Amino acid sequence: MASTVVHPTKEASAPSLSSEKQSFLSPVTNLYTRFSEWRRSLDLPNPGTVENLQKEVKLTHLTNFMFDGAKADLTKSLSMVPAFQVTHSFSLGSQTAPPAYNFGAVYATNSVFLQGSVDHEGNVNARCNQGWSENFISKMQAQLSHQPGHSMLQLEQDYQGRDYSLNFKAVNPSPSDLSGIYIGSYFQSVTKNLALGFESLYQRQSPELTELATSYLAKYTGTKKDWMATAQVQPSGILQTTYWQKLSDKVEVAADLQVIAAPSRRDAIATLGAKYDLRMSTFRAQLDSTGKVSALLEQRFAPTFAFLVSGEIDHFKNAAKVGVGVMIESSNLTPEEMGAPPQPQII
């Protein structure tokens with residue numbers, strides 16, 4: 001009786017190859033699993049984005065809120081869910097900018113944010129944020145201008161991990177020769193209070209002319225989240241440090257120090273500021289080492305009407321600026337549609 005010989009087929013040899021591959025990668029996967037479990041056991045917080053590294057200081061100082069002349073913002077809410085509103089902005093009498101009119105609109109849902117504006121000269125600004133998940137957001141900003149060199153397109157991708165954040169930006173990218181400005185950043189929590197990171201900028205004006213620069217970042221947050229210190233070192237010889245503290249529920253103070261140690265310039269600028277949140281008003285005051293003293297008062301007489309007064313005195317240049325403004329909000333929606341609690345009926 002002849003014996004039957006069974007030859008191994010490809011299907012029979014496939015599991016052996018797969019098992020060999022798994023056994024070869026098992027040390028790497030085990031190491032990665034242990035490392036992930038170790039990081040999870042540390043329970044480190046998300047450090048936030050590099051873009052918002054000095055967010056608290058900027059909200060306390062009035063550098064981004066200062067204005068002169070007269071301005072008026074008229075806002076009308078057309079819908080709450082989804083949020084949709086339009087704004088008419090007027091400004092005139094400024095010492096640094098000509099009279100201007102701007103029309104803007106905002107549309108927002110849980111995952112989409114759209115913002116656009118156009119001024120009296122036809123310059124268009126647009127912004128779009130698309131949230132694919134809580135941690136993965138795509139952003140786009142565009143500016144169209146009739147002036148040469150003022151148009152801009154920025155594409156951005158942001159990812160928020162458990163204890164780190166990643167961000168990549170491309171400003172005016174060109175697919176033909178890859179020219180443009182590319183910025184990448186990484187921010188990692190080292191402890192529950194300390195976070196370290198870096199931001200690299202790659203500028204490619206032409207295939208022959210490129211530039212790469214990397215700045216290093218650090219942020220230390222108090223255990224109670226009531227104070228924060230940051231530092232940023234740029235390769236061009238610039239060091240910027242900030243300190244922010246919340247003294248009470250209504251009072252916040254902030255300090256900013258910028259040191260320039262470049263071969264062509266050596267300088268330092270220090271700025272101190274405070275913000276007071278009262279029941280129906282917000283007051284900001286600021287003092288810097290260049291001799292400027294500034295103040296801004298935002299007084300709300302009603303939930304839909306606010307009056308603003310700003311002033312700045314430059315003691316070294318013997319100059320002063322004053323600004324007044326109003327913000328008016330209106331809506332055709334009922335208080336229930338606006339989200340206000342229903343008023344009790346008096347019988």
Side-chain angles (χ1 to χ4, degrees), residues 51-75 87-102 104 117 119 125 219 226-232 234 238-260 265-302 305-329:
E51 183 179 5
N52 294 329
L53 179 66
Q54 303 166 359
K55 178 181 177 180
E56 290 77 8
V57 176
K58 293 179 180 179
L59 292 177
T60 303
H61 287 173
L62 57 89
T63 304
N64 297 329
F65 302 92
M66 188 65 191
F67 69 96
D68 65 329
K71 75 171 187 176
D73 295 331
L74 310 178
T75 303
T87 303
H88 302 271
S89 300
F90 306 86
S91 63
L92 55 91
S94 175
Q95 300 180 15
T96 57
Y101 164 76
N102 188 284
S117 64
D119 61 14
N125 291 274
K219 181 174 74 171
D226 57 347
W227 67 273
M228 183 183 304
T230 68
Q232 181 176 2
Q234 300 181 13
I238 299 177
L239 169 65
Q240 185 175 11
T241 60
T242 64
Y243 179 80
W244 170 86
Q245 185 171 359
K246 189 172 185 178
L247 300 179
S248 65
D249 294 338
K250 299 181 179 180
V251 182
E252 299 178 11
V253 295
D256 180 281
L257 175 62
Q258 186 176 22
V259 180
I260 303 175
R265 179 186 176 187
R266 293 183 178 273
D267 196 2
I269 301 175
T271 305
L272 298 176
K275 184 180 75 167
Y276 300 85
D277 289 321
L278 305 177
R279 188 175 65 89
M280 293 290 289
S281 63
T282 300
F283 178 74
R284 290 180 172 90
Q286 181 174 300
L287 169 68
D288 60 30
S289 58
T290 62
K292 294 180 180 180
V293 180
S294 309
L296 174 65
L297 173 64
E298 178 182 340
Q299 175 68 51
R300 284 196 171 272
F301 297 98
F305 178 75
F307 182 73
L308 295 87
V309 180
S310 68
E312 179 184 277
I313 300 177
D314 193 333
H315 291 86
F316 292 169
K317 296 182 179 180
N318 195 19
K321 297 179 182 179
V322 178
V324 293
V326 293
M327 293 190 301
I328 302 176
E329 301 178 8

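Values below: every heavy atom of this structure, side chains too, minus hydrogens, waters and symmetry copies. Every value quoted in this text rests on a predicted model; they were computed, and no experiment measured them. Quick note: residue numbers are just sequence positions, from 1.
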*Compare every heavy atom of Gln299 with every heavy atom of Ser281, then report the nearest pair and how far apart it is.*
CB-OE1, 3.3 Å

*Using the side chain to side chain donor-acceptor pair (under 3.5 Å) rule, collect all pairs that involve residues 55-64, keeping only residues at least two apart or in two chains.*
Thr60-Trp244, Thr60-Glu252, Thr63-Gln286

*For Ser289 and Ala270, indicate whether the former's side chain and the latter's backbone hold a donor-acceptor pair under 3.5 Å.*
yes

*Going from CG on Leu308 to CZ on Arg300, what distance comes out if it is rounded to the nearest 0.5 angstrom?*
8.5 Å

_side chain to side chain contact (heavy atoms under 4.5 Å, CB included) involving Ala295 - partner list, sequence neighbours excluded_ = Phe283

_Pairwise distance OG1(Thr282) to CG(Leu59) - rounded to 0.5 angstrom_ = 11.5 Å

*asked:* Run the side-chain hydrogen bond (donor to acceptor under 3.5 Å, both in side chains) test against Arg266 and tell me which residues pass, sequence neighbours left out.
replied: none

*Start with the C-alpha distance between Met327 and Thr75, add both sets of side-chain angles, then the distance that settles side-chain contact (heavy atoms from CB on, under 4.5 Å), and finish with yes or no.*
CA-CA 8 Å; Met327 293 190 301; Thr75 303; over 6 Å; no

*Quick one: pull up OH in Tyr276 and NZ in Lys250 and give me the separation to the nearest 0.5 Å.*
13.0 Å

*Write down the atom of Met280, the atom of Ala302, and the distance for their closest heavy-atom approach.*
CE-N, 4.1 Å

*Identify the two heavy atoms, one from Ala320 and one from Gln95, that lie closest to each other, and give their separation to 0.1 Å.*
O-NE2, 3.4 Å

*asked:* Checking the side chain of Ser310 only, and the main-chain atoms of Phe67 only, is there a donor and an acceptor separated by less than 3.5 Å?
replied: yes

*Please identify each residue that fulfils side chain to side chain contact (heavy atoms under 4.5 Å, CB included) with His88, with sequence neighbours left out.*
Leu74, Phe90, Tyr101, Phe103

_Straight-line distance of Gln232 CD to Lys219 NZ, nearest 0.5 Å_ = 13.0 Å

*Give the minimum heavy-atom separation between Arg265 and Asp267, together with the two atoms involved.*
NH2-OD2, 3.2 Å

*Could you grab the distance from atom CD of Glu329 to atom OG1 of Thr87, nearest 0.5 Å is fine?*
8.5 Å

*Does a side-chain heavy-atom distance below 4.5 Å link Tyr243 with Val253?*
no

*Applying salt bridge (charged side-chain N to carboxylate O under 4.0 Å, His left out), name anything that partners Glu51, two or more places apart in sequence or on another chain.*
none

*Evaluate the side-chain hydrogen bond (donor to acceptor under 3.5 Å, both in side chains) criterion for residues Asp256 and Thr242: first the C-alpha distance (whole Å), next the side-chain angles of each, then the deciding distance (0.1 Å), finally the verdict.*
CA-CA 4 Å; Asp256 180 281; Thr242 64; 5.6 Å; no

_To the nearest 0.5 Å, what is the distance between CD on Gln240 and CG on Leu257?_
8.5 Å

*What residues form a salt bridge (charged side-chain N to carboxylate O under 4.0 Å, His left out) with Asp119, not counting sequence neighbours?*
none

